[in-house]
Amino acid sequence: MARFQIKVTLIAHESVKRLKGKVQADFSEAVIDFAHRGCAAAHYRLTGEVVEHVCCRHLYGSWRLLAAFPDDRTVVVLDVAQHTNKRDTDVYLRLFDILNIEQPARPRTKPPCCTPNAEPPIDADLLEGLSVLAKRLGTD
């Protein structure tokens with residue numbers, strides 16, 4: 001039985017509809033893993049203000065799944081796209097654009113997604129930002 005509710009933003013849903021083969025299989029496996037293990041299913045947390053509460057899971061090849069945690073029982077799949085380093089298609093650059101923030105200047109350290117207490121990276125101040133993000137991306 002799943003312990004975590006999974007929500008998918010509109011932008012992620014549109015990307016997922018186009019997935020095929022190994023990427024599609026990896027995505028399906030990742031969703032099941034997130035449903036059972038929450039933040040422990042992510043590979044790392046992003047570095048930088050605001051995005052330090054967003055986690056990444058690598059999928060096949062250069063594909064990435066970005067997730068956020070509005071509470072301790074919900075995983076929101078924010079986006080699924082390739083890491084291309086191209087402004088229009090890169091999963092990370094798209095996130096920065098949506099959040100209307102600059103790419104973080106400090107080096108990426110890729111800390112664990114979960115806190116030392118095995119909790120998702122929730123921040124009370126971020127909840128409002130996630131709500132704005134959800135509206136921009138079409139999440140219910």
Side-chain angles (χ1 to χ4, degrees):
M1 183 171 158
R3 296 177 39 208
F4 299 89
Q5 179 182 14
I6 306 295
K7 292 186 176 186
V8 179
T9 64
L10 181 59
I11 195 169
H13 178 72
E14 291 301 315
S15 293
V16 169
K17 287 191 320 188
R18 293 187 294 273
L19 298 179
K20 295 182 192 255
K22 291 180 182 181
V23 179
Q24 183 179 38
D26 273 1
F27 173 78
S28 296
E29 182 179 308
V31 168
I32 292 167
D33 199 14
F34 273 112
H36 287 77
R37 298 190 313 132
C39 61
H43 293 140
Y44 55 86
R45 193 165 25 93
L46 302 185
T47 305
E49 284 189 52
V50 180
V51 296
E52 66 191 4
H53 300 282
V54 175
C55 295
C56 179
R57 174 158 173 152
H58 283 214
L59 302 177
Y60 180 76
S62 61
W63 287 84
R64 306 291 186 263
L65 180 159
L66 299 182
F69 306 87
D71 58 56
D72 63 354
R73 287 285 170 228
T74 306
V75 179
V76 177
V77 177
L78 298 174
D79 199 1
V80 177
Q82 289 183 286
H83 180 25
T84 63
N85 292 318
K86 295 179 184 172
R87 189 57 128 180
D88 296 340
T89 58
D90 185 89
V91 70
Y92 303 114
L93 298 178
R94 285 188 346 180
L95 178 66
F96 303 145
D97 283 347
I98 289 165
L99 291 171
N100 197 29
I101 61 173
E102 293 294 318
Q103 184 172 353
R106 49 184 208 194
R108 295 183 344 177
T109 58
K110 298 184 179 183
C113 181
C114 300
T115 68
N117 297 333
E119 296 173 356
I122 298 171
D123 181 326
D125 295 333
L126 180 64
L127 293 178
E128 184 177 330
L130 283 176
S131 175
V132 170
L133 175 62
K135 287 176 185 171
R136 286 183 185 168
L137 296 181
T139 289
D140 2 314

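Note: hydrogens, waters and symmetry copies are ignored here, and every other heavy atom, side chains too, is used.
Using a 4.5 Å cut-off on side-chain heavy atoms (C-beta onward), Cys113 and Phe69 make contact. In this structure the side chain of Gln24 never reaches within 4.5 angstrom of the side chain of Tyr60, judged on heavy atoms. Using a 4.5 Å heavy-atom threshold, the side chains of His36 and Ile32 count as touching. Here the side chains of Leu93 and Gln103 are in contact, with some heavy-atom distance below 4.5 Å. Counting heavy atoms from C-beta on, the side chains of Lys7 and Thr74 come closer than 4.5 Å. Taking 4.5 Å as the limit, some side-chain heavy atom of Pro121 sits within range of a side-chain heavy atom of His53. In this structure, His83 and Asp90 have side chains that are in contact, with non-hydrogen atoms separated by less than 4.5 Å. Contact of the Phe27 side chain with the Val16 side chain is registered, since non-hydrogen atoms from C-beta on lie closer than 4.5 Å.
Note on Ile101 and Leu46: same hydrophobic cluster, where clusters join Ile, Leu, Val, Met, Phe, Trp and Tyr whose side-chain heavy atoms are under 4.5 Å apart, directly or indirectly.
We find the CG-CZ distance between Asp71 and Arg73 to be 9.0 Å, quoted to the nearest 0.5 Å. For the atom pair Glu14 CD and Thr9 OG1, the distance stands at 9.5 Å (nearest 0.5 Å). Between atom CG of residue Leu65 and atom CD of residue Glu29 there is a gap of 12.0 Å, rounded to the nearest 0.5 Å. Distance check, rounded to the nearest 0.5 Å: CZ of Arg64 to CG of Leu78 gives 15.5 Å.
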Leu95 and Asp79: CA distance, side-chain angles, deciding distance, side-chain contact (heavy atoms from CB on, under 4.5 Å) verdict: CA-CA 8 Å; Leu95 178 66; Asp79 199 1; over 6 Å; no
task: Walk me through it: do Val91 and Trp63 pass the test side-chain contact (heavy atoms from CB on, under 4.5 Å)?
output: CA-CA 8 Å; Val91 70; Trp63 287 84; over 6 Å; no
task: Would you please test Cys39 and Cys114 for disulfide bond (SG atoms under 2.5 Å apart) and show each step?
output: CA-CA 5 Å; Cys39 61; Cys114 300; 2.0 Å; yes
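When atom types are taken as modelled, the side chain of Thr47 and the backbone of Arg108 share no donor-acceptor pair closer than 3.5 angstrom. For the pair His13 (side chain) and Val8 (backbone), a donor-acceptor distance under 3.5 Å is absent. Looking only at distances, no side-chain donor or acceptor of Ser15 sits under 3.5 Å from a matching main-chain atom of Ala81.
More than 12 non-hydrogen atoms from other residues, nucleotides or ligands lie less than 6.0 angstrom from CD of Glu119.
Taking both residues in full, the closest heavy atoms of Phe34 and Ala67 are given as CZ-CB, 4.2 Å, listed atom of the first, atom of the second, then distance. Across Pro112 and Arg45, no two heavy atoms sit closer than the pair O-NE, 3.2 Å.
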